[in-house]
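Chain letters run A, B, ... following the sequence lines, proteins first and then strands; every chain starts at 1.
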2 protein chains.
Amino acid sequence: MTKGMRAQKDPTNRRTPHEAFTFYLQEHRLKITPQRRLILDIFLLEPGHVSSEELYAKVKRRDPSIGQATVYRTLKLLMGCGLADAVSFADGITRFEPHLGSEHHDHLICEACGRNIEILDPVIERRQEELAAKYGFRLERHKMDLYGVCPDCQKDKPS
Amino acid sequence: MTKGMRAQKDPTNRRTPHEAFTFYLQEHRLKITPQRRLILDIFLLEPGHVSSEELYAKVKRRDPSIGQATVYRTLKLLMGCGLADAVSFADGITRFEPHLGSEHHDHLICEACGRNIEILDPVIERRQEELAAKYGFRLERHKMDLYGVCPDCQKDKPS
DNA sequence: GTAGCTGCAAACGTTTTGCTGGTTG
DNA sequence: CAACCAGCAAAACGTTTGCAGCTAC
């Protein structure tokens with residue numbers, strides 16, 4: 001604890017998303033532009049998943065001059081620095097979700113209405129690690145989607 | 001083992017994939033064509049996952065007159081009768097894997113070499129059911145992919 | 001015979017890229 | 001002021017569809 005130690009927000013290497021993005025851009029000698037900042041801001045407000053198009057629409061509301069290509073390009077950057085994850089639900093559209101810190105979740109998706117619940121189960125998470133270890137894998141990440149029919153839709157059309 | 005008993009492959013209601021496909025087609029008043037049979041044959045030889053394009057290439061080797069569209073259309077049929085599953089790995093390409101009988105498995109994928117191990121863990125399978133039930137969902141199917149680095153690739157490039 | 005199929009090519013929707021002028025560091 | 005980026009439109013990508021002739025039933 002020397003007094004020369006500067007006040008840091010967080011003693012860990014954790015950064016805010018904006019800091020992480022800035023750091024990543026600087027590290028790669030890329031530029032911090034208003035567009036990139038705006039896209040990150042709006043992306044972070046997303047509770048769940050957005051397609052590039054949906055995000056583009058929201059971004060455009062705040063800055064109509066922005067182009068679709070910039071959204072795609074920025075999403076790639078966000079994935080590059082670990083702030084966004086791609087999730088694909090086999091409908092041909094890639095969706096993105098914010099990846100904050102070490103947060104992670106899986107999906108419980110209603111095949112009837114598209115309702116999408118984010119779940120996180122410690123039992124499964126741990127078992128996944130065990131499984132990977134059993135095969136000698138170093139587990140980096142995973143994806144689990146459960147598809148079914150939600151309670152509301154079961155009422156509408158019981159099987 | 002009475003001698004009158006005809007040699008049946010399996011006393012259960014299990015059918016060979018070809019029988020299942022034939023049944024499905026007849027049931028829906030669709031036609032059994034040489035193309036469909038050929039595509040199924042070649043698809044079933046796949047150990048892991050194929051993209052439509054890869055499958056098309058292999059099919060074309062045996063019948064150059066076949067069209068890409070027929071492969072897509074047949075894959076849809078195979079999914080319809082439960083003989084094929086779609087798996088998407090977020091690279092924009094839909095891959096398909098044979099779904100034989102009631103077999104099911106998840107994936108353990110090496111991000112370095114692409115090696116793909118099929119896994120099935122009862123602990124996880126059961127927990128998934130429990131989770132769905134907790135939210136009132138009727139679980140239809142699921143998809144779980146674990147991504148990491150396999151033992152061999154860890155040697156090549158330890159992190 | 002007729003419903004359904006095939007192959008082709010054109011259409012489709014999503015994502016990428018080439019370019020030119022503009023902005024960041 | 002050099003490298004990088006934005007917006008635009010065109011291209012590219014995987015996939016679907018319309019059609020005219022052909023095939024299974």
Side-chain angles (χ1 to χ4, degrees), chain A residues 18 21-43 49-81 84-96, chain B residues 18 21-43 49-81 84-96:
Chain A
H18 296 86
F21 194 34
T22 301
F23 183 81
Y24 176 84
L25 291 176
Q26 287 173 342
E27 189 184 27
H28 291 254
R29 249 136 276 174
L30 303 175
K31 311 234 159 128
I32 300 163
T33 66
Q35 291 92 336
R36 286 178 180 168
R37 248 196 297 249
L38 176 60
I39 292 168
L40 174 59
D41 281 350
I42 295 184
F43 178 62
H49 325 88
V50 244
S51 64
S52 177
E53 191 140 15
E54 286 162 356
L55 185 58
Y56 173 54
K58 295 191 182 183
V59 166
K60 198 153 185 145
R61 247 176 265 151
R62 285 237 239 140
D63 178 357
S65 75
I66 221 155
Q68 173 79 270
T70 301
V71 175
Y72 275 106
R73 287 191 273 232
T74 304
L75 279 170
K76 281 223 155 153
L77 290 175
L78 292 175
M79 292 181 67
C81 70
D85 282 334
V87 197
S88 45
F89 293 145
D91 60 351
I93 299 174
T94 305
R95 280 151 205 291
F96 302 86
Chain B
H18 297 86
F21 194 34
T22 301
F23 183 81
Y24 175 84
L25 291 175
Q26 286 173 343
E27 188 185 29
H28 291 254
R29 247 134 275 173
L30 303 174
K31 311 232 160 129
I32 299 164
T33 66
Q35 290 92 335
R36 287 178 179 168
R37 248 197 296 247
L38 176 60
I39 291 168
L40 174 60
D41 280 349
I42 295 183
F43 178 62
H49 324 87
V50 244
S51 65
S52 177
E53 190 141 15
E54 287 162 356
L55 185 58
Y56 173 53
K58 295 190 182 182
V59 166
K60 197 152 185 149
R61 245 177 268 152
R62 285 237 238 140
D63 178 358
S65 75
I66 220 157
Q68 173 81 269
T70 302
V71 174
Y72 275 106
R73 287 190 274 231
T74 304
L75 278 170
K76 282 223 155 153
L77 291 176
L78 292 176
M79 291 181 68
C81 70
D85 281 335
V87 197
S88 45
F89 294 146
D91 59 351
I93 300 173
T94 305
R95 280 150 205 291
F96 302 86

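Here I39(A) contributes atom CD1 and L78(A) contributes atom CG; the two are 8.0 Å apart, rounded to the nearest 0.5 Å. Taken to the nearest 0.5 Å, the CZ atom of F96(A) stands 11.0 Å off from the CD atom of E54(A). Expressed to the nearest 0.5 Å, how far OG of S52(B) lies from CZ of R95(B) amounts to 11.0 Å.
Bracketed by its first and final contacts, the part of DNA chain D lying under 4.0 Å from non-hydrogen atoms of chain B reaches from dG14(D) to dC25(D) in 5' to 3' order.
Nearest heavy-atom pair across F21(B) and L77(B) is CE1-CB, 4.1 Å. Across all their heavy atoms, Y56(B) and Q68(B) have their closest contact at CE1-N, 3.3 Å. Residue K60(A) comes nearest to I66(A) through the heavy atom pair NZ-O, 3.9 Å, listed as atom of the first residue, atom of the second, then distance. Annotation for Q26(A) and I32(A): closest pair NE2-CD1, 4.2 Å, computed over non-hydrogen atoms.
Comparing G92(B) and A69(B) along DNA chain D, the residue whose closest nucleotide (by nearest heavy atom) sits nearer the 5' end is G92(B). Residue-to-nucleotide proximity on DNA chain C shows that, of T74(B) and S52(A), the 5′-proximal contact is made by T74(B).
The side chain to side chain contact (heavy atoms under 4.5 Å, CB included) test with Q35(B) is passed by exactly one of T70(B), V71(B), T74(B): T70(B).
Checking the phosphate oxygens (OP1, OP2) of dT6(C), a side-chain nitrogen or oxygen of R36(B) falls inside 4.0 Å.
Taking atom CG of L77(B) as the reference point, atom C1' of dC5(C) lies 11 Å away to the nearest angstrom. As rounded to whole Å, 14 Å separates atom C1' of dC5(C) from atom CZ of R37(B). Remark: P of dG25(C) and CD of Q26(A) are 8 Å apart, rounded to the nearest angstrom.
By the 4.5 Å heavy-atom criterion applied to side chains, L55(A) and I42(A) are counted as neighbours. The shortest distance between side-chain heavy atoms of R36(B) and L30(B) falls below 4.5 Å. A heavy-atom distance below 4.5 Å is not found between the side chains of R37(B) and T22(B).
Near DNA chain C, meaning a heavy atom under 4.0 Å from it, residues 27-34 of chain A has K31(A), I32(A), P34(A) in order of number. Remark: S65(B), I66(B), G67(B) in residues 57-68 of chain B come within less than 4.0 Å of DNA chain C through at least one heavy atom.
Counting any heavy atom pair closer than 4.0 Å across all strands shown, S51(A) reaches no nucleic acid atom.
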